[in-house]
J.: 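This is the structure I have questions about; it appears just below.
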Amino acid sequence: MFQIYNSMTRKKEIFKPVEENKVSIYTCGPTVYSNAHVGNFSSFLMADLLVRYLKFKGYQVKWVMNITDVGHLTDDNELTDSGEDKMEAASRRENRTVWEIARHYEDLFMKDLKTLKFMPAFKYPRATEHIEEMIEIAKALEDKGVVYETSDGIYFDISKFPEYGKLSGNTIDALQAGARVDVNEDKKSPFDFAVWKKIGGKNLNHAMKWDSPWGTGFPGWHLECSAMSRKYLGETIDFHTGGEDNKFPHHESEIAQSETANGKKFVNYWMHKSRVVVNNEKMSKSLGNFFTVSDLTEKGFSPEAIRFTFISAHYRSKLNFTEEQILESQKTIDKFNDFIQEVMKSEVSEGSTQVLSIIKSSKQQFIKGMDDDLNVSAALAALFGFIKPVRKNINSGSFNQKDKEEVIKFLKEIDSIFSVFSFEEKKGKSFSEEEKRMIENLIEQRNICRKEKNWSEADRIRDELNKMGVEVVDKK
RNA sequence: GGCGACGUAGCCAAGUGGUAAGGCAGAAGUCUGCAAAACUUCCAUUCACCAGUUCAAAUCUGGUCGUCGCCUCCA
């Protein structure tokens, strides 16, 4: 039984899909106006882990991650609609059209997804290709009388949605009281949000624009997720994931729009990824203290280690991201990979052994951990506890062909979730006849040196062999 | 000011009422000329602090201190 912490109720809940055996997952994806950083990916990896685990559990998973390629606002206040569109700003900065910016950073993003071994989603819909669907929702909202028009756009009147704030724990009253934002005079409440923005005023030169019943303009930020999740996943979806900073106002606003337009519950389970910090400092684009995936791979860290670092930290606790963490992840991965090699190269015996029951109990323990709100720590403990007794069986020669196959099969199942192990059997490098003769010669010389206790010469030969790619391990 | 999360060994970290998983690092040992790997053993009388509830609390309640996030771009 899979339990998940629902940010809406702030409780762990037993997962029940809308449709039996099927799961729909919507992930708030990147805004493609610059390089995505590992903070972004840590959030997407939470979704990837969820997707992969539910597949492991046998569900048919439909995962959608949007690409936000129409800008929302930059350094100023989204609620009062000051500030500049991010895509437009990037366009000016890089002297490219907004469309070039969008496609360029989307390409980079897709490459990074591949590098980090993401499960491909069912669809990565672009906001700009769903303007019609957004307008449809905006019209529905208009029909229900929850929006009003101002000189610069169409706004959702949050007083028409009394539950506004239920996700972030705010109430409309509390929001008003704690307001730190300047009031936009045209708006009834500072927390009313734009559904559609008109071209004009400081948006006069907005490059991305479309026709709508309210004139030429562009959609409000929150609308795209309401539109695209409905189109691809339906009116009520199982999971909606994103960073915790998206709770307010983004997800609140999505809820208000979708639930008003559809007259149905929007999302059954909300999952929010805690922030990644670097050296205990907030990591953000504005502070500039972030790493991209290529920053890290260029430093020599493996994609697997980067992936594992984010996956192995629980998604609801803050992760203090450091290079030490990545190195430790690499060690853990190496440990499993060494074990896999050992299993693949092991000699098999006849007769019955304990191995199958070890697999069974480890698997149960693993599932128990993952079933509990993706408790990877507990699940990993099960795997560490698995290696030891199996290795014992291998070393004592109590390991049959079936065991060997089942151990590999089990680890491959696990890796369908983690996707960090390597199952390629490391074959010895192939050498030419001449090289082989040379190597044998060196080994013989070294053995003579060892017999004569000429250790320095023996070690020198060992170094030389290592350089040729020959691993030398002495046994008694 | 409003909303929320959290504080477990040197580090990472699990554990929501029954007496502290696991990993890394460290120590000792087996093996070994050395090294690597593997294996064995050790490594929190204690869970930020103070009260309280209880036969029993890291776990529940109240308070104190501290850290972090959201409320303004960010996943």
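Each chain gets a letter, A, B and so on, in the order its sequence line appears, and its residues count up from 1.
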J.: What distance separates A:Thr309 OG1 from A:Leu319 CG, expressed to the nearest 0.5 Å?
T.: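 The OG1 atom of A:Thr309 sits 7.5 Å away from the CG atom of A:Leu319.
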J.: Do A:Asn400 and A:Ser349 get their side chains close enough for a donor-acceptor pair, meaning under 3.5 Å?
T.: no
J.: According to the Watson-Crick and G-U wobble definitions, with both distances under 3.5 Å, which nucleotide is paired to B:rC73?
T.: none
J.: Measuring from the side chain of A:Arg10 (C-beta onward, heavy atoms only), which nucleotide among B:rC70, B:rA14, B:rA5 has the closest atom?
T.: B:rA5
J.: For A:Lys318 and B:rC11, give me the distance from atom NZ to atom P, rounded to whole Å.
T.: 13 Å
J.: Contact class for A:Lys453 (heavy atom, under 4.0 Å): base, sugar-phosphate, or nothing?
T.: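 Result for A:Lys453 = nothing.
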J.: Output the distance between atom CD1 (A:Ile4) and atom CZ (A:Phe15), rounded to the nearest 0.5 Å.
T.: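 It comes to 9.0 Å.
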J.: Less than 3.5 Å apart, any donor N or O on the side chain of A:Tyr26 or A:Asp238 sitting next to an acceptor on the other?
T.: no
J.: So A:Glu324, base contact, sugar-phosphate only, or nothing? Heavy-atom distance under 4.0 Å.
T.: nothing
J.: Taking the inter-plane angle between the rings of A:Phe310 and A:Phe321 on a 0 to 90° scale, is it parallel (under 30°), tilted (30 to 60°) or perpendicular (over 60°)?
T.: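 Judged by the thresholds at 30° and 60°, the geometry between A:Phe310 and A:Phe321 is parallel.
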J.: How far does the P atom of B:rG23 sit from the matching atom of B:rG18, given to the nearest Å?
T.: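 Here B:rG23 and B:rG18 have their P atoms 24 Å from each other.
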J.: Now, which nucleotide makes the Watson-Crick or G-U wobble pair with B:rC24, with each of the two distances under 3.5 Å?
T.: B:rG10
J.: Look at the side chain of A:Ala381 and decide which nucleotide, out of B:rC74, B:rG33, B:rG22, has an atom nearest to it.
T.: B:rG22
J.: B:rA44 pairs with which nucleotide, Watson-Crick or G-U wobble, both distances below 3.5 Å?
T.: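 B:rA44 is paired with nothing.
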J.: Touch check for A:Arg446, heavy atoms < 4.0 angstrom, all strands: base, sugar-phosphate only, or nothing?
T.: base
J.: In whole Å, measure the gap between the P atoms of B:rG26 and B:rG10 for me.
T.: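 Between the two P atoms, the distance is 16 Å.
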J.: Taking only side-chain N and O atoms of A:Lys331, does any of them lie within less than 4.0 angstrom of OP1 or OP2 on B:rA25?
T.: yes
J.: Separation of A:Asn466 atom CG from B:rA37 atom C1', in whole Å?
T.: 14 Å
J.: Can you tell me which nucleotide in B:rC74, B:rA13, B:rC39 comes closest to the side chain of A:Asp245?
T.: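 Selected nucleotide (nearest to the side chain): B:rC74.
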J.: Please determine, for the side chain of A:Lys388, which listed nucleotide (B:rG33, B:rC12, B:rG23) has the closest atom?
T.: B:rG23
J.: What nucleotide among B:rG23, B:rC70, B:rA14 has an atom nearest to a side-chain atom of A:Phe384?
T.: B:rG23
J.: Remember a base hit wins even if backbone is also touched, and classify A:Gly242 as base, sugar-phosphate or nothing at under 4.0 Å, heavy atoms.
T.: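 The residue A:Gly242 makes sugar-phosphate contact but no base contact.
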J.: Rounding to a whole Å, what distance do you find between A:Lys273:NZ and B:rC6:P?
T.: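 From A:Lys273 NZ to B:rC6 P: 14 Å.
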J.: Report which part of the nucleic acid A:Asn395 touches: base, sugar-phosphate, or nothing (heavy-atom distance under 4.0 Å, all strands).
T.: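 Answer is sugar-phosphate: A:Asn395 comes under 4.0 Å of backbone atoms only.
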J.: Of the nucleotides B:rG33, B:rG23, B:rC74, which has the atom closest to the A:Thr332 side chain?
T.: B:rG23
J.: What integer number of Å spans the C1' atoms of B:rA20 and B:rG15?
T.: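 About 8 Å, rounded to a whole number of Å.
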J.: Return the nucleotide paired to B:rC49: Watson-Crick means purine N1 to pyrimidine N3 with N6-O4 or O6-N4, wobble means G-U with N1-O2 and O6-N3, both under 3.5 Å.
T.: B:rG63
J.: Tell me which nucleotide, if any, is Watson-Crick or G-U wobble paired with B:rC68 when both distances must be under 3.5 Å.
T.: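 Its partner is B:rG4.
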J.: Round to a whole Å and report the spacing from CG of A:Asn6 to P of B:rG4.
T.: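 Distance check: A:Asn6 CG to B:rG4 P gives 16 Å.
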J.: Does the side chain of A:Lys335 get closer than 4.0 angstrom to OP1 or OP2 of B:rG22 through an N or O atom?
T.: no
J.: On a plain distance test, is the side chain of A:Asn375 in donor-acceptor contact with the base of B:rG15 below 3.5 Å?
T.: no
J.: Distance check, C1' atoms only: B:rU53 and B:rC70, in whole angstrom units.
T.: 34 Å
J.: At less than 3.5 Å, do the side-chain atoms of A:Arg462 and the base atoms of B:rC34 form a donor-acceptor pair?
T.: yes
J.: Identify whether NZ of Lys or CZ of Arg in A:Lys62 sits under 6.0 Å from the centre of the six-membered ring of A:Phe122 and within 45° of that ring's axis.
T.: yes
J.: So, A:Tyr5 versus A:His272: side-chain donor-acceptor pair below 3.5 Å or not?
T.: no
J.: Counting side-chain heavy atoms from CB outward, which of B:rG33, B:rC73, B:rG15 is closest to A:Asp372?
T.: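 Of B:rG33, B:rC73, B:rG15, B:rG15 is nearest to the side chain of A:Asp372.
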J.: When the C1' atoms of B:rG52 and B:rA13 are considered, how many whole Å apart are they?
T.: 30 Å
J.: Could you check how far NZ of A:Lys247 sits from C1' of B:rC68, rounded to whole Å?
T.: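 After rounding, the gap between these two atoms is 13 Å.
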J.: Check whether any side-chain N or O of A:Arg275 sits under 4.0 Å from OP1 or OP2 of B:rC70, and answer yes or no.
T.: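 For B:rC70, OP1 or OP2 has a side-chain N or O of A:Arg275 closer than 4.0 Å.
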J.: Taking OH from A:Tyr5 and P from B:rA14, how many angstroms apart are they, rounded to a whole number?
T.: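 Taking atom P of B:rA14 as the reference, OH of A:Tyr5 is at 15 Å.
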J.: Anything under 30° is parallel, anything over 60° is perpendicular, the rest tilted; go ahead and classify A:Phe218 against A:His206.
T.: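 Rings of A:Phe218 and A:His206: parallel, as their planes differ by under 30°.
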J.: Roughly how far apart, to the nearest Å, are B:rC47 and B:rA21 at atom P?
T.: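 Result for the P pair: 15 Å, nearest Å.
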J.: Please classify the nucleic acid contact of A:Ser42 as base, sugar-phosphate, or nothing, using heavy-atom distances under 4.0 Å.
T.: base
J.: For atom P, what is the distance between B:rA48 and B:rA37, given to the nearest Å?
T.: 35 Å
J.: By the 4.0 Å heavy-atom rule, please label A:Thr27 as base, sugar-phosphate, or nothing.
T.: nothing
J.: Decide whether A:Gln365 and A:Ser361 meet the rule of one side-chain donor and one side-chain acceptor closer than 3.5 Å.
T.: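 Looking only at side-chain atoms, A:Ser361 and A:Gln365 do not form any donor-acceptor pair under 3.5 Å.
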J.: What integer distance in Å separates A:Lys12:NZ from B:rU59:P?
T.: 16 Å
J.: Give none if B:rU16 has no partner; otherwise give the nucleotide forming a Watson-Crick or G-U wobble pair with it, both distances under 3.5 Å.
T.: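 WC or wobble partner does not exist here.
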J.: Would you mind reading off the distance between A:Tyr315 atom OH and B:rA13 atom P, rounded to a whole angstrom?
T.: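 Those two atoms, OH and P, are 16 Å apart.
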J.: Using a cut-off of 4.0 Å on non-hydrogen atoms, how would the nucleic acid contact of A:Glu328 be classed: base, sugar-phosphate, or nothing?
T.: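 Result for A:Glu328 = base.
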J.: Is there a Watson-Crick or G-U wobble partner for B:rG29 with both distances under 3.5 Å, and if so, which one is it?
T.: B:rC39
